[in-house]
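Remember, predicted model here, so these are calculated numbers, not experimental data. Only heavy atoms go into these numbers, but all of them, side chains included; no hydrogens, no water, no symmetry mates.
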Amino acid sequence: MESYDYYEILEIEKTKDKDLIKKAYRKMALKYHPDRNPGDKHAEEKFKQINEAYEVLSDDSKREIYDRYGKDGLKNGGYSGFSGADFSDLFGDIFEAFGGGFGFGGRSARTRQREKFPPDFAIELELSFKEAIFGCKKEIEIEYKSACKACDATGSKDGKLSVCEQCGGKGQVFVQHGFMAVGQTCPNCGGEGSKVSQKCKECSGLGYETLKEKFEVNIPEGVDEGNRLRISGRGNATKNGRGDLYIIMNVGEDEHFLRDGDNVFVEVPVFFTSIILGENITLPTLRGEKELKIPQGTKDGEQFIFKNEGVRNIHTGSLGALVAVIKITYPTKLNKEQQELAQKLHESFGHQSTPYKNIFEEACKKIKSWFS
């Protein structure tokens, strides 16, 4: 057996105070529990030592032997390690301290009873690009759950539940694995601590009925993909009242406009001659038309911004921008006449039509000088 002191393992001084020993054990067990340290072999070994220390120090006779003779005295007295003592109450306290974060549940017997269904739920709503930009009214139909009044939402006839015989109403069972007792949700009652003895005829044991409802919803201007709209009092009807409905927006795309938050982009295809000559074009916006002046020499991908022509922000009410992005297009093929005209235009610029010539001549001279 590895040599270590049980008091040191629990990080306390030598004592006979059981409350102090129990408190120290809970603290250390929480710190090194395998569920808080997945895959950590050191923590796993430490947890074994902590449990071994607690079994000895929490037992008056074993602690007395240990205090006098150490581990050898326990061995000679017939103790050979973790004997499988009942840790269920203590483990229950520890797992409750976990708050259910490790799959053991953290509810006491008084608070274990839960609703058969959550009060809130969500649906998805399809919107066109226009409906999302400018807002609209939509009629929707939902199905929601309503607590069964005949059984008080328990699913049991007359609302009478029987205590689970497997866990005794605790909602947890503890399984001994060698040195350690592991708590888990009771498989018989699903952690409720109680069971339906006879199903309610009104709801077939579900604890609720499903109802349909139609109503109109105002969709505000400027909603975007994934936005959620909360409709108070349109959720499921529990015993404590009706919850909320959340509507998640699915927004369609537009063939001309591309939205990015509050800004809208529109691609402006411009023929290369318009770039050479410059041109004024009529540009479509979300709310009408605007004149766009394209200066000579405009670059491909250059952006022209029209403020307050975008989407209205759903929170601030301010308008985003419309961004016109230039896309220069070129002919893929020229006829004979077009080739002749293009050639005349090219030659009319003289040395400007061959900007590479002087640059490359200088570069060639420099390279020749390297080898002369």
Side-chain angles (χ1 to χ4, degrees), residues 1-112 164 166-191 193:
M1 184 179 290
E2 183 183 349
S3 177
Y4 50 83
D5 183 87
Y6 288 148
Y7 292 105
E8 289 182 2
I9 289 296
L10 298 183
E11 296 185 355
I12 56 175
E13 298 292 334
K14 189 174 180 180
T15 181
K16 295 182 179 181
D17 188 335
K18 285 190 174 183
D19 288 337
L20 179 61
I21 293 170
K22 181 177 180 179
K23 184 178 179 180
Y25 169 74
R26 291 187 65 216
K27 175 184 175 182
M28 300 302 293
L30 281 168
K31 181 178 180 180
Y32 290 100
H33 195 281
D35 287 310
R36 280 194 170 180
N37 304 273
D40 188 335
K41 295 296 183 182
H42 170 72
E44 184 179 333
E45 183 60 32
K46 193 80 171 178
F47 190 67
K48 292 179 183 178
Q49 295 172 0
I50 291 164
N51 280 285
E52 182 180 319
Y54 179 73
E55 187 191 358
V56 171
L57 299 182
S58 63
D59 184 283
D60 291 337
S61 59
K62 290 178 182 177
R63 186 182 66 253
E64 187 176 349
I65 294 172
Y66 176 75
D67 289 346
R68 286 190 178 187
Y69 307 109
K71 290 184 182 180
D72 289 338
L74 293 169
K75 189 184 299 182
N76 294 335
Y79 173 70
S80 58
F82 199 83
S83 64
D86 184 10
F87 281 68
S88 59
D89 289 340
L90 186 55
F91 270 90
D93 290 341
I94 292 173
F95 295 147
E96 186 169 333
F98 283 165
F102 296 87
F104 297 102
R107 298 167 297 170
S108 67
R110 287 176 294 180
T111 61
R112 187 174 294 121
C164 175
Q166 188 164 337
C167 66
K170 294 180 178 180
Q172 293 178 340
V173 291
F174 295 88
V175 181
Q176 199 76 38
H177 291 286
F179 70 91
M180 181 173 64
V182 178
Q184 61 186 29
T185 300
C186 176
N188 191 44
C189 66

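- If you take CG on Leu10 and OG1 on Thr15, they are separated by 11.0 Å, rounding to the nearest 0.5 Å.
- Remark: Lys27 engages no residue in a side chain to side chain contact (heavy atoms under 4.5 Å, CB included) (not counting sequence neighbours).
- Taking CE from Met28 and NZ from Lys31, the interatomic distance works out to 5.5 Å, rounded to the nearest 0.5 Å.
- Lys46 places a side-chain heavy atom less than 4.5 Å from the side chain of Ile9.
- Note: His42 NE2 to Tyr32 OH = 5.0 Å, rounded to the nearest 0.5 Å.
- If you take CD1 on Ile12 and CG on Leu57, they are separated by 6.0 Å, rounding to the nearest 0.5 Å.
- With no hydrogens or angles considered, no side-chain donor-acceptor pair links Asp59 and Tyr66 at under 3.5 Å.
- Partners of Asp60 according to the side chain to side chain contact (heavy atoms under 4.5 Å, CB included) rule, which considers only residues two or more places apart in sequence or in another chain, are Lys18, Arg63.
- Paired with Tyr54 under the rule ring pair (Phe, Tyr, Trp, His ring centres under 6.0 Å), one option of Tyr7, Tyr6, Tyr25 passes, and it is Tyr25.
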